[in-house]
Amino acid sequence: MGPQASEFPVISGTLGPDGVDFRKLTAATGVFSFDPGYGETASCTSAITFIDGDQGVLLHRGYPIEQLAEHASYVETAYLLLYGELPNKQQLAEFDAHLSEQALLHEQIRNFFNGFRRDTHPMAILCGTVAALSGFYADGIDISHPASRDLSARRLIAKIPTIAAWAYRYTQGETFIYPKSNFGFAENFLSMMFARPDRKYVVKPVLARALDRIFILHADHEQNASTSTVRLVGSTGANPFACIAAGIAALWGPAHGGANEAVLTMLTAIGEKKNIPQFIEQVKDKDSGIRLMGFGHRVYKSFDPRAQILAQTYREVIEELNLDHDPLFDLATELERIARSDDYFVSRQLYPNVDFYSGLILKALGIPVSMFTVLFAVARTSGWVSQWKEMIEAPGQRIGRPRQIYTGARKRDLQPLSERP
Ligand code: CMC
């Protein structure tokens, strides 16, 4: 019997469980640890985001997400994630101005869009175009220089919204709207999505604030699949644009970024309020394979703090747009009411998660469902670049290289083709 887990050093963080340092496990015992899906494995130390799912806690650099959503903007949150502290007024003004300046794309990037079919999914356009940015911004890809890392991080936060909005315009056959420096981050995104070149575009503050909140709430979520992908790709020394394109690809999967889209698909399938009871019965029947989309969470088991914030924002948006009696939103409100008072959901602590409300808010803002994951990517870029930068700057950073338990054939001799039966 080799050494026990208790004989390995323990790494302690400031909050949350300690970690057993297994870096010498194989050398000491000859065995690997086995944890497919990495549910029990800390892949890094990180000072950016803390989650306590049981208590419904989400902190960025120590600040509760509720306080950030209430008192800060997405740009402030991005600064906080990237640099570790909230900006003062001057730092925020400089950061904001730099993001505005960087929001423009190299004019030749326009040509990329024309290469896609008009019915291309906007995530494909986003993923491909972001990977191509390294060809245009080569002065930011030397990752050994702090200033160059910083420039690329800022460029990605600033340019991805423009690519995202243009991906949508392209699929609609509409003129590209250039970013405007007098607009805030969310306002600018809405303008690039919906403005017409021949008219003045005015964004209602409640709607810009709602989108900004969605961006804040999706900015980072520690070592999820897309962030871990960014770190793994980044650990090879790949340029930051390639790393973020890999993160976008990971986010594209329905198990990661697609839940708010699924909420809208579910509501469309239910169709009318009178069909809710029958739908709820199907959800309770385990054999049906149907789940109430936008309810429950793998990590947050008591409540999703992000959902509580968006629930209020959702009501504000519905009121502002006079959508109270719109059949879709009426159906969503009724479904939420019924599920929240049904013992099946209450006893299992299944509450609406962030995707339930974000899907409804985005729909109310006129964002098409195909763009939901794209918006998630816009928001998550600040988290991805912050995690990427933290990884590159960590002492002793090395390439990510998981091991395996081999289950294939044992060593055997090859029979030449002429001798095989
Ligand atoms: N509808 C119906 N039953 C559910 C649901 C649901 N949405 N979620 C969980 N349950 C049931 C589950 O079947 C189990 O029942 P029982 O105890 O009788 O076997 C019980 O509740 C406990 O489930 P769990 O183990 O706590 O949940 P999980 O970890 O297996 O699933 C989940 C988590 C998010 C995959 C699941 O809740 C789900 O499929 N939700 C709908 C999809 C969704 O909204 N996903 C987005 C999550 S937020 C993403 C983000 O953070 O970005």
Side-chain angles (χ1 to χ4, degrees), residues 37-40 49-60 65 69 123 213-229 247-248 250-270 276-311 314 332 335-336 338-363 369 372-384 387:
Y38 314 119
E40 307 288 321
T49 292
F50 174 75
I51 301 173
D52 180 337
D54 293 332
Q55 301 300 321
V57 172
L58 170 58
L59 308 178
H60 291 321
I65 191 69
M123 279 300 275
R213 278 203 169 144
I214 289 182
F215 287 155
I216 295 172
L217 298 178
H218 288 86
D220 196 52
H221 215 220
E222 53 119 304
Q223 307 311 318
N224 54 81
S226 60
T227 302
S228 298
T229 301
I248 293 169
L251 188 70
W252 197 353
H256 193 350
N260 52 9
E261 190 171 332
V263 172
L264 268 297
T265 311
M266 172 188 74
L267 290 172
T268 310
I270 297 171
I276 294 177
Q278 191 198 346
F279 177 75
I280 294 282
E281 286 315 307
Q282 286 178 328
V283 166
K284 291 180 189 173
D285 173 8
K286 292 276 188 301
D287 296 332
S288 74
I290 297 175
R291 285 199 158 192
L292 184 55
M293 301 313 287
F295 272 66
H297 200 276
R298 181 96 349 125
V299 177
Y300 297 115
K301 293 303 180 194
S302 53
F303 64 93
D304 180 346
R306 303 165 305 167
Q308 291 197 324
I309 300 158
L310 276 198
Y314 169 60
L335 181 65
E336 180 194 1
I338 291 178
R340 295 192 78 151
S341 54
D342 187 306
D343 188 54
Y344 174 93
F345 301 98
V346 175
S347 64
R348 288 172 176 77
Q349 294 198 296
L350 298 171
Y351 301 107
N353 59 45
V354 68
D355 289 302
F356 185 78
Y357 299 111
S358 72
L360 291 168
I361 293 171
L362 294 178
K363 178 77 183 158
V369 169
F372 283 11
T373 314
V374 173
L375 265 83
F376 192 162
V378 167
R380 187 53 60 87
T381 299
S382 57
W384 287 331
Q387 299 267 354

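In each ligand, atom 1 is the first atom listed, and ligand 1 is the first ligand listed.
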Less than 3.5 Å between some nitrogen or oxygen of [X] and one of ligand 1, yes or no?
X	answer
His221	no
His256	no
Phe295	yes

Identify, for [atom], the protein heavy atom at the shortest distance, and state residue, atom and that distance.
atom	value
atom 47 (C) of ligand 1	Asn353 ND2, 3.5 Å
atom 42 (C) of ligand 1	Met293 CE, 3.3 Å
atom 30 (O) of ligand 1	Arg298 NH2, 3.3 Å
atom 32 (C) of ligand 1	Arg291 NH1, 3.9 Å
atom 19 (O) of ligand 1	Lys286 CE, 3.4 Å
atom 48 (S) of ligand 1	His297 CD2, 3.1 Å
atom 45 (N) of ligand 1	Ala259 CB, 3.6 Å

Check your understanding: So Glu222 and Gln387, side chain to side chain donor-acceptor pair (under 3.5 Å) or not? Walk me through it.
Key -> CA-CA 8 Å; Glu222 53 119 304; Gln387 299 267 354; over 6 Å; no
Ligand 1-proximal atoms of [X], by part, heavy-atom distance under 4.0 Å:
X	answer
Lys284	neither
Leu350	side chain
Lys301	side chain
Arg348	side chain
Tyr344	side chain

Practice item. Starting from the C-alpha separation in whole Å, work towards a yes-or-no answer on side chain to side chain contact (heavy atoms under 4.5 Å, CB included) for Thr227 and Asn224. Key: CA-CA 5 Å; Thr227 302; Asn224 54 81; 3.1 Å; yes
So if I count the atoms of ligand 1 from 1 in the order they appear, which ones are less than 4.0 Å from some heavy atom of [X]?
X	result
Gly294	43 (C), 44 (O)
Val283	1 (N), 2 (C)
Arg306	50 (C), 51 (O)
Leu292	1 (N), 2 (C), 6 (C), 7 (N), 41 (C)
Asp355	46 (C), 48 (S), 49 (C), 50 (C), 52 (O)

Review point. Any heavy atom of Gln349 sitting closer than 4.0 Å to ligand 1?
Key: no
Practice item. Examine ligand 1 and decide if any of its atoms is less than 4.0 Å from a heavy atom belonging to Val354. Key: no
Review point. Has Tyr38 got more than 12 heavy atoms of other residues, nucleotides or ligands less than 6.0 Å from its OH?
Key: no
Point to revise | Passing candidate, side chain to side chain contact (heavy atoms under 4.5 Å, CB included) with Trp384, options Thr229, Ile248, Asp220 | key: Ile248
**Study point:** Leu58: which of Leu217, Ile65, Asp304 passes side chain to side chain contact (heavy atoms under 4.5 Å, CB included)
**Key:** Ile65
Any donor-acceptor pair under 3.5 Å from [X] side chain to [Y] backbone:
X	Y	value
Asn353	Gly296	yes
Arg340	Glu336	no
Lys284	Ile280	no

Practice item. Over 60° means perpendicular and under 30° means parallel, so classify the ring planes of Tyr314 and Tyr357, tilted if in between. Key: tilted
Review point. Can a protein heavy atom be found under 4.0 Å away from atom 13 (O) of ligand 1?
Key: yes
Review point. Nearest protein heavy atom to atom 22 (C) of ligand 1: under 4.0 Å?
Key: no
Check your understanding: So how far is it from Gln349 CD to Phe303 CZ, rounded to the nearest 0.5 Å?
Key -> 10.5 Å
Practice item. Cation-pi check, Arg348 to Tyr344: give yes when NZ or CZ is under 6.0 Å from the six-membered ring centre and within 45° of the ring axis, no otherwise. Key: yes
Review point. So, for Met266 and Leu292, which heavy atoms are closest and what is the spacing to 0.1 Å?
Key: SD-CD1, 3.7 Å
